[in-house]
2 protein chains.
Amino acid sequence: MNADKIPDIIIGRLPIYLRALQRMADSGLRTISSQELGEMVGVSAAQIRKDISQFGEFGKQGTGYSIAYLLEKLREILKVDRIWNVALVGAGDMGHALARYQGFVNRGFKVVMVFDNDQNKIGQHIGDFIIEDTANMIERIKSANIKIAMLTVPAPAAQHIADDLVEAGVKAILNYAPISLNVPKSVKVQYIDPSIHLQRMTFYV
Amino acid sequence: MNADKIPDIIIGRLPIYLRALQRMADSGLRTISSQELGEMVGVSAAQIRKDISQFGEFGKQGTGYSIAYLLEKLREILKVDRIWNVALVGAGDMGHALARYQGFVNRGFKVVMVFDNDQNKIGQHIGDFIIEDTANMIERIKSANIKIAMLTVPAPAAQHIADDLVEAGVKAILNYAPISLNVPKSVKVQYIDPSIHLQRMTFYV
DNA sequence: AGAGTATGTAAATAAATTTCACAAACGCGA
DNA sequence: TCGCGTTTGTGAAATTTATTTACATACTCT
């Protein structure tokens, strides 16, 4: 792998390719061309090839890519050839949906802890979890060596919780709170805010 | 407004600015400089000014931007100076969370219909809604003139539902199903897949 | 009126991303 | 084994996006 400096935008596309390949593998296909994969995910064939070639030569001229092999390589590159334990903070509606979501484990993730600061929720069950007190969050996350968290608390609480997560050693935050977070450069944040996504489309409607 | 061709990437940033401004307005502030707004959302001051200037001159030298006025203008530009009725398809955990989500209405959106194809769910309540049969979806959406839909069905069903939504006249789809959708160019799609977002971060951890 | 501040814009880069085009490599069938 | 059709990997070109610099202009405050 050319470990130089891969642009973020390429890393951002790889999970899309991975998802499409995973579906194809499930439906029994063995090989695929950049052309076909491109059509499936809405990207040009040249771009698919160029993106993949950043990391090695995984295809075969005349044939295309072995789906199983490319899957394996993409999982390695994205480091999802393992299961990451994830902490969930905020046990509202969205937190409940995420705690029960079946789509994590075969994509490399597993929710293992759920926190909330509401005394009425603490101790209650969500799926297999017992909701824990955010007061103990830093310690619990540290000792379990958790590096990834999902944040589904109200906006006013989000920055404070994010600070605590950083202190606990978390390196990646999936933020559902409708607010931009301020974190050190060494910590990654991805944002999910349905209103933002909808507002990105209304301009064109 | 210079209606030429505004890059997607700029349109994509405007909702972020809008969200930050809205929070500031709520906390009672009156004006803000490009510098301050930039720090808040993690963008350079020059870029904020350049983005905004695509659409007009909304600031005042020496003072900055009136928050209320810039809010009004951004809402106009993004066409969220109104309430868009939204159809929700898929009444699983995620659908329930979205149906009850309080964060839409003051951002320009309102869920007004919920569909599912599960006979056990049809007729049941979610919040204020009664779950309707997807069999009637096209007709219902057409006659209500709905242009925006959110898709929270399982991946195998998503493309088919998307086709129906397009047929019903929907122009913007917020897709929570873990699959890339194939739609005409005139229809916009935004994707939310928590596993994808997580996989975009593990590379760096 | 003067000092200080902050926008809007232009210009010039610089950086990044995407597209193009084609040699090289592979599989298949005869 | 040879020839044909296919598809990769990749330089080079083209395009898009971001950054930087610089100022004239306009506004507030004292």
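Quick note on labels: first sequence line is chain A, next is B, and so on, each numbered from 1. Owing to the predicted nature of the structure, the values given are computational and were not obtained by experimental measurement.
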## Note on the structure
Its contact letters, B for base, S for sugar-phosphate only and - for none at protein heavy atoms under 4.0 Å, make nucleotides 9-21 of chain D read BBBB----SSBB-
### Query
Just by distance, do the side chain of K171(A) and the backbone of K188(A) share a donor-acceptor pair under 3.5 Å?
no
### Query
Checking T152(A) side chain against G90(A) main chain: does a donor-acceptor pair fall under 3.5 Å?
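Yes; at least one donor-acceptor contact below 3.5 Å.
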Output the rounded distance in Å from [atom1] ([X]) to [atom2] ([N]).
| X | N | atom1 | atom2 | result |
| --- | --- | --- | --- | --- |
| I48(A) | dC20(C) | CD1 | P | 15 Å |
| Q35(A) | dC20(C) | CD | C1' | 14 Å |
| F55(B) | dG8(C) | CZ | C1' | 15 Å |

### Query
Passes side chain to side chain contact (heavy atoms under 4.5 Å, CB included), D133(A) versus F115(A)? Steps please.
CA-CA 6 Å; D133(A) 193 334; F115(A) 296 96; over 6 Å; no
#### Entry: Side-chain N or O of S34(A) closer than 4.0 Å to phosphate OP1/OP2 of dT8(D)
yes
For [Y], is there an ion pair with [X] - N to carboxylate O distance below 4.0 angstrom?
| X | Y | answer |
| --- | --- | --- |
| R107(B) | D193(A) | yes |
| E76(A) | K73(A) | yes |
| R75(B) | E72(B) | no |

